[in-house]
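Notes for the one structure printed next.
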Amino acid sequence: MAPHGSWQIDGDATQGNVRFSLFFPGADAAPAQFETAGKGATYGDPQIKSLQVVGDFMHHLGLHDWDIGSAPQLTASQAGNGHVWSYDTTTPIPAGFYEYKYFVTFNNGRSRYVGDPYARYGGKEQENSAFVVGGSSPEANAVSPVFGGRKPLRDLVVYELMLDDFTDEYRGHRAPLDAAMDKLDYLVRLGINAILFMPWTAWPGTGYSWGYTPYQYFSVEYRYANALNAPAEKLSWLKKLISACHDRGIHVIMDGVFNHVGDTGLTGNAAYGFPYRWLYQNEYDCPYIGPFGDRFESLLELDYNNHCTQEFIRDVCFYWIDTCGLDGIRFDCTKGFYVPGSSKGLPELIASITSHVGDPNFSTIIEHIDISACQVANTVGATSYWNNALYDCAFDGLWQGKPASRLMTVLDSHGGLAPDRVATTYLSNHDHSHIAWRAGARDNCGARNWFRVQPYAIALFTMPGCPLFFNGTEFAEDYWLMEDDQGTGRRVQARPLRWNHINDAYGQGTFALFAKLIAIRKSHPGLRSDNIYPAGWQTWQERFDPNGYGIDTARGLVIFHRWGNDGIKLQRIMVAINFSCENQEVDIPFAAGGTWHDALNGDTVQVSGGFLRGVTVNSHWGRIYVQRDAAV
């Protein structure tokens with residue numbers, strides 16, 4: 001699809017003319033693009049009598065700002081599967097940041113102010129749209145590729161980052177997108193090599209949000225780029241941040257919300273929220289909104305029964321991929337746009353992105369919290385899915401004081417996946433309380449019991465899959481979050497990182513552990529393979545198997561074998577983890593005799609007879625024995 005929205009149509013840095021372009025899919029041009037069953041006769045027809053653009057740029061055209069009486073008219077022409085309404089200024093506008101809205105008058109005589117669904121910039125207030133004349137050139141803030149090239153998802157350690165909370169304590173009046181760059185070297189020291197940014201696309205209103213109610217899909221949220229006196233550089237801040245990540249070898253993954261939109265309705269004759277809905281005389285005639293997959297309560301669903309919706313979201317993804325050099329997209333709440341047996345929605349979207357990018361290392365991660373998630377990932381061709389199992393097991397185990405037998409099944413996270421896919425695993429994420437809070441919840445002491453997280457962290461970084469953790473987890477941040485707010489809206493709350501925590505005993509200990517485990521995982525390909533033994537563990541099995549592997553729930557012990565090829569030799573890894581509050585002596589089985597090195601504790605041992613007898617595994621701790629074998 002041709003570009004739409006508003007943009008400068010010449011390259012002069014000091015002034016320029018601007019084009020406004022707005023697309024409407026047309027039932028007359030391509031009726032098959034709509035699923036009209038059960039719809040009224042006007043479905044898909046906006047019934048527009050006139051369309052004007054108003055804003056604070058108008059005085060440069062010899063008009064009065066925001067004056068409807070003199071506002072320029074857009075004209076309609078047929079294009080592709082619909083109609084394009086457009087207007088080009090003929091008087092150059094000086095360099096600057098300008099806000100605007102469309103003023104639409106319908107056939108029934110009603111009229112309203114509506115934003116631009118294609119706007120590349122959001123305004124400061126009233127959910128205005130905006131455009132930039134001049135500003136920094138694309139060449140001046142081109143995004144560099146990730147240093148060393150993109151890696152497969154299995155080779156990544158992902159840090160989930162919420163821009164507002166991450167920078168709240170230290171940014172002052174700076175833009176969060178700018179301030180986040182201050183901590184990139186810190187993240188390099190931690191060892192992560194990928195960041196999943198929670199949504200940066202604009203949401204309705206000016207208040208705090210997690211970003212999961214988008215309304216301007218092509219725009220960076222104003223709150224994230226509110227550097228004083230520099231609104232024209234909103235997109236530049238994001239591109240500079242991504243380049244800074246790439247220069248450090250950090251992949252950038254965008255969190256995309258493509259199943260529902262944020263909408264707050266009408267106030268007088270002004271519309272707030274997802275603009276397309278209100279550009280139709282009857283909002284129920286808008287083909288972009290309607291039921292498709294599972295419904296997300298209180299939010300407007302995008303209707304992928306209609307090709308225009310598929311095309312719109314596809315263009316959103318292509319825009320961010322091409323503009324910002326993304327290395328992956330996480331698809332939020334995919335049950336909302338996946339229907340079993342249908343190619344519409346998620347399958348078509350991932351197929352188009354995969355074809356567009358042409359890089360198997362570009363990550364496509366689905367959040368499909370459902371028993372079918374693994375199979376859906378295989379079906380739609382996603383590289384990964386969010387696997388909730390370790391989180392569930394960890395929160396339950398920390399409350400009960402011992403791991404359940406299903407933990408051994410959970411550790412086999414690759415079960416059921418195609419060979420070129422991995423599960424994204426975590427102890428917690430933005431949707432849940434911090435794991436350190438859970439560790440002390442029963443004793444009402446939060447992060448004071450951070451040490452109880454240690455065995456679960458060892459499991460996270462030694463099991464198959466791609467490990468992910470939420471910002472602050474690495475220094476035992478311990479916010480509580482309501483799991484079910486019963487529709488009150490209390491879940492979405494600010495959790496600003498308390499950076500002083502990294503200097504206390506709990507934060508120092510947790511940071512050191514995470515940094516060490518990340519380094520161990522990154523330097524041992526066997527830990528990034530799909531291989532684990534025992535596989536197919538049954539939940540009724542609460543003792544080690546006859547070979548000494550598996551889980552002993554009574555003692556809180558888990559023992560498993562990992563292996564993989566490092567390109568030259570076969571690497572074997574034996575992992576023993578003690579989840580209990582007591583030191584345990586255990587006979588650890590080994591896949592081969594000879595010399596083994598404990599990468600976690602620094603010991604070197606000699607093994608013969610298939611076992612290392614009487615090994616002490618300290619409480620809430622573990623051992624990670626490694627051996628490289630003969631050439632493969």
>> Apply side chain to side chain donor-acceptor pair (under 3.5 Å) to residues N141 and K239 and explain how you reach the verdict.
In response: CA-CA 7 Å; N141 53 75; K239 293 170 74 174; 2.9 Å; yes
> Please walk me through it: do K240 and D178 pass salt bridge (charged side-chain N to carboxylate O under 4.0 Å, His left out)?
Replying inline: CA-CA 8 Å; K240 289 174 182 176; D178 178 33; over 6 Å; no
> Checking side chain to side chain contact (heavy atoms under 4.5 Å, CB included) for the pair V316/W320: CA distance, chi angles, key distance, verdict?
Replying inline: CA-CA 7 Å; V316 168; W320 291 113; 3.8 Å; yes
> Are Y222 and W203 close enough, and set up right, to give a ring-ring contact (aromatic ring centres under 6.0 Å, His included), and what steps lead you there?
Replying inline: CA-CA 9 Å; Y222 193 92; W203 58 78; over 10 Å; no
> T425 and S413: side chain to side chain donor-acceptor pair (under 3.5 Å), yes or no, with the steps?
Replying inline: CA-CA 8 Å; T425 58; S413 68; 5.7 Å; no
>> I'd like to know whether H260 forms a side chain to side chain contact (heavy atoms under 4.5 Å, CB included) with L300, so could you lay out the CA-CA distance, the side-chain angles of the two residues, the decisive distance to 0.1 Å, and finally the verdict.
In response: CA-CA 5 Å; H260 59 250; L300 292 172; 5.9 Å; no
> For D247 and S144, what are the C-alpha separation, side-chain angles and deciding distance, and is it a side chain to side chain donor-acceptor pair (under 3.5 Å)?
Replying inline: CA-CA 7 Å; D247 291 345; S144 56; 2.8 Å; yes
>> Let's go through L460 and L468 carefully: what are the C-alpha distance in whole Å and the side-chain angles of both, what is the deciding distance for side chain to side chain contact (heavy atoms under 4.5 Å, CB included) to 0.1 Å, and is it a yes or a no?
In response: CA-CA 9 Å; L460 173 67; L468 170 145; over 6 Å; no
>> side chain to side chain contact (heavy atoms under 4.5 Å, CB included), that's the test. Do L390 and M463 meet it? Break it down for me.
In response: CA-CA 10 Å; L390 183 62; M463 66 188 288; 3.7 Å; yes
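Across all their heavy atoms, L326 and R150 have their closest contact at O-NH2, 2.6 Å. I520 and A599 get closest at one heavy-atom pair: CD1-O, 3.5 Å. Of all non-hydrogen atoms in Y479 and P496, the two that sit nearest each other are OH-O, 2.6 Å. The two residues N378 and A418 have their closest heavy-atom pair at OD1-N, 2.9 Å. Residues C333 and E367 come closest through the heavy atom pair N-OE1, 2.8 Å. Taking all atoms of both residues into account, the shortest heavy-atom contact from L600 to K516 is O-NZ, 2.7 Å.
In this model, a donor atom of one side chain and an acceptor atom of the other lie less than 3.5 Å apart for D322 and H356. For the residue pair Q571 / H524, no side-chain donor-acceptor distance below 3.5 Å is found, with atom types taken as modelled. Side-chain polar atoms of T424 and S384 form a donor-acceptor pair below 3.5 angstrom.
Atoms CG and OG1, from L190 and T473 in turn, are 10.0 Å apart once rounded to the nearest 0.5 Å. In this structure, CG on D155 lies 11.5 Å from CG on L527, to the nearest 0.5 angstrom. Rounding to the nearest 0.5 Å places CG of L156 at 9.5 Å from NZ of K522. Between T462 atom OG1 and R562 atom CZ the span is 7.0 Å, to the nearest 0.5 Å. Interatomic distance, R248 CZ to I195 CD1, rounded to the nearest 0.5 Å: 9.5 Å. Here the OG atom belonging to S372 is positioned 7.5 Å from the NZ atom belonging to K335, to the nearest 0.5 angstrom.
Counting only heavy atoms from C-beta outward, the side chains of I577 and F560 approach each other to under 4.5 Å. In this structure, N259 and T334 have side chains that are not in contact, with every pair of non-hydrogen atoms separated by 4.5 Å or more. Looking only at side-chain heavy atoms (C-beta outward), N306 and Y288 stay at 4.5 Å or farther from each other. Taking 4.5 Å as the limit, every side-chain heavy atom of Q493 sits out of range of all side-chain heavy atoms of D485. Side-chain contact between C393 and R406 is present, with heavy atoms from C-beta onward closer than 4.5 Å. Between I353 and F318, some side-chain heavy-atom pair lies under the 4.5 Å cut-off. The shortest side-chain heavy-atom distance between T201 and V257 does not fall under the 4.5 Å cut-off. Residues F469 and F514 are in side-chain contact: their nearest non-hydrogen atoms beyond the backbone lie under 4.5 Å apart.
Here the options are T510, L427, I458, the test is side-chain contact (heavy atoms from CB on, under 4.5 Å), and the partner is V453; only L427 passes. Checking K151, H251, H246 one by one against D327, the side-chain hydrogen bond (donor to acceptor under 3.5 Å, both in side chains) holds for a single residue, H246. The side-chain contact (heavy atoms from CB on, under 4.5 Å) test with F331 singles out one residue from V380, I350, I365, and that residue is I350.
Taking the six-membered ring for Trp, Y338 and Y304 have ring centres at least 6.0 Å apart. Aromatic pair H501/W499: ring centres not closer than 6.0 Å. With ring centers used as reference points, W386 lies under 6.0 Å from Y426. Aromatic rings of Y121 and F131 (six-membered ring for Trp) have centroids beyond the 6.0 Å cut-off, not under it. Ring centroid separation for the pair F470 and H434 comes in under the 6.0 Å cut-off. A ring-centre distance under 6.0 Å is not found for F292 and F337. For an aromatic pair to be called close, the ring centres must be under 6.0 Å apart, and Y118 with H4 satisfies this. Between Y212 and H430, the distance from one ring center to the other falls under 6.0 angstrom. Between H368 and Y385, the distance from one ring center to the other does not fall under 6.0 angstrom.
Under a 4.0 Å N-O distance rule, the pair R495/D168 does not qualify as a salt bridge. Salt-bridge formation is detected for the pair D332/R330: a Lys NZ or Arg NE/NH1/NH2 atom is positioned less than 4.0 Å from an Asp or Glu carboxylate oxygen. Note on D182 versus R174: salt bridge recorded, some NZ/NE/NH1/NH2 to OD/OE distance being below 4.0 Å. A salt bridge links R154 with D530; the closest basic N to acidic carboxylate O contact falls under 4.0 Å. Between E477 and R498 there is a salt bridge, since at least one side-chain N of the basic residue sits less than 4.0 Å from a carboxylate O of the acidic one.
Listed for the E221 side chain is a donor-acceptor partner under 3.5 Å among the backbone atoms of R223. Remark: side-chain polar atoms of R171 are paired, donor with acceptor, to backbone N or O of D164 under 3.5 angstrom. The closest donor-acceptor contact from the side chain of S129 to the backbone of D116 lies under 3.5 Å.
Counting heavy atoms of neighbouring residues, nucleotides and ligands inside a 6.0 Å radius, atom OH of Y208 exceeds 12 of them.
The cationic atom of R120 (NZ for Lys, CZ for Arg) lies less than 6.0 Å from the six-membered ring centre of Y319 and within 45° of the ring axis.
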